[in-house]
Q: 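The structure that follows is given in the form of structure tokens.
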Protein chains: 2
Amino acid sequence: MPAQSLAAARRPRPLLEAPEVSDDLRLIGPTRVFGRDEAIFDEGDGVDSVYRVVSGGVRALRLLADGRRQIIGFHLPGDIFGLELGERRRGSAEALGETTLLIARRASLGAEPGQAERLWRVSLAALERSQDHVLTLGRRSACERVASFLLDLAGRLGAGGHFELPMSRLDIADHLGLTIETVSRSLGQLQAGGLVRLDSCRRVRLPRPAALAALCQ
Amino acid sequence: MPAQSLAAARRPRPLLEAPEVSDDLRLIGPTRVFGRDEAIFDEGDGVDSVYRVVSGGVRALRLLADGRRQIIGFHLPGDIFGLELGERRRGSAEALGETTLLIARRASLGAEPGQAERLWRVSLAALERSQDHVLTLGRRSACERVASFLLDLAGRLGAGGHFELPMSRLDIADHLGLTIETVSRSLGQLQAGGLVRLDSCRRVRLPRPAALAALCQ
DNA sequence: CGCTCGTTTGATAGCAATCAACCAACGTGG
DNA sequence: CCACGTTGGTTGATTGCTATCAAACGAGCG
């Protein structure tokens, strides 16, 4: 739709239409490196900063009183996270491995025009991702959960059908509402079916992405 | 924090701070009544409108190829829904019972100043709700799911610890990733424990909300 | 070589799904 | 007014998927 883009550039574009230029939220601030499993923030902390992943990866998680852990999502290079409505963190965030983050002060947002709309797009993208996650957790079998997880990751990381898992089996299990044993067995099944290849336990290859996608929908 | 509110009123308030005035998104458009189970929109439809629930209730749902159904969320009076990033609906929406909606054109948004920020708040609230849902589906038992569902509803509907369920057992089951039988048995258990009272099968009373909440966290 | 840690594999248990009645509320029509 | 069918909900018996418990495996490393 190049015609539409041209038109949009000439007059004020209504909200909720596809952006004609960069979607990028401009974040300004220092960069910091976090070590493996290092906390970026904890539940209950004040919401002072917003983050962009430069390299590495982050798990966003919540805990129940008895220690059960749910990973709400993974943040990968390019992703923005840490936006919240309230004054206190509702969950924690930790580095998966060696991870570099750009850290912007919350108060520094909102200066530029159009920034609110970019914030809105970031949140809406996160919402759609979370709703996909709900569908997976509510109605898919263990194997299907693992399959859709791999496809999701491939879409975000996979240059050409192969990529490196930045997280452990435990992280995957706690993301998918399973146990590490079930994740391992599901990967085994998928591998037996020729839908997945594990070069090492972190190095994934998806030889037949279409067949894998057929499993999930 | 009245002092902060005063300060905020004097100078441009940074984004991501608590709003000092009404959070309300101004939506303009006609009102329409939908009958029970009537479709408001379907997956794949164009995204032309945004909705506010005036009365009644709405289920937002997604289907898998084999018919498995996941209810992503319920929209109750006052809620805004139908905002999407893309051009096509990613799921469908249906009226739970007789339901009145205010329908605004998508293109009519974005006119007023500050509207983008209100949109952002609406989306972020939906995101937080969805993340709570992920925690529930990923890591809670059947009984805990039902308990947190009832608490959530009570917070949105419950004038004083009692309210009317606007949805059927099947809707609840498909929201919580369970079956109707399991929902029924869980309600039975909660009732046996004195944490819930069902005056009729739709009329709920929560005599000990604190004890119920203790179950869930 | 012998740790440790993360992962895989195996045996068993348990929670929720499935299959199947049963029940209550409601509406219709005889 | 009551027989009847329909719909939504509850209760019971059994199955099955995933969790749990347990052990083996393999890679990385001092």
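Numbers restart at 1 for each chain; the letters A, B, ... are given by sequence-line order, proteins then strands. Side chains included, hydrogens not; waters and symmetry mates left out as well; all remaining heavy atoms used.
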Q: Show, in sequence, the C-alpha distance, side-chain angles and deciding distance for R69(B) and D171(B), and conclude whether the salt bridge (charged side-chain N to carboxylate O under 4.0 Å, His left out) test is met.
A: CA-CA 9 Å; R69(B) 191 176 83 142; D171(B) 287 325; 2.9 Å; yes
Q: Taking side-chain hydrogen bond (donor to acceptor under 3.5 Å, both in side chains) as the cut-off, I'd like each qualifying pair that reaches into residues 202-217 of chain B, sequence neighbours left out, listed once.
A: H162(B)-R203(B), E164(B)-R203(B), D199(B)-R205(B)
Q: Within the supplied structure, the quantity of interest is the number of heavy atoms (other residues, nucleotides, ligands) at a distance under 6.0 Å from R32(A) CZ; does it exceed 12?
A: yes
Q: Got a sec? Which of residues 171-178 of chain A come in under 4.0 Å of DNA chain D, heavy atoms?
A: G177(A), L178(A)
Q: Please determine whether the number of non-hydrogen atoms from other residues, nucleotides or ligands lying under 6.0 Å from atom CD of E38(A) exceeds 12.
A: yes
Q: Whole-Å distance between dT18(C) P and D66(B) CG?
A: 11 Å
Q: For the pair made of CZ in R69(B) and P in dA17(C), what is the distance, rounded to whole Å?
A: 15 Å
Q: In whole angstrom, give the distance that lies between atom CD of Q189(B) and atom P of dT11(D).
A: 11 Å
Q: Taking the side chain as everything from C-beta on, heavy atoms only, tell me whether L198(B) gets closer than 4.5 Å to Q191(B).
A: yes
Q: Mind running ring-ring contact (aromatic ring centres under 6.0 Å, His included) on H175(B) and H133(B) for me, showing each step along the way?
A: CA-CA 9 Å; H175(B) 182 59; H133(B) 196 190; 4.1 Å; yes
Q: Would R89(A) and F41(A) count as a cation-pi pair here, with the cationic atom under 6.0 angstrom from the ring centre and within 45° of the axis?
A: yes
Q: List the protein contact pattern of nucleotides 5-15 of chain C with one symbol per nucleotide (5' to 3'): B for base contact, S for sugar-phosphate-only contact, - for none; contact means a heavy-atom distance under 4.0 Å.
A: -SSBBBB----
Q: To the nearest Å, how far apart are L165(B) CG and dG8(D) P?
A: 15 Å
Q: Are L96(A) and V58(A) packed together at the side-chain level, in the sense that at least one heavy-atom pair is separated by less than 4.5 angstrom?
A: no
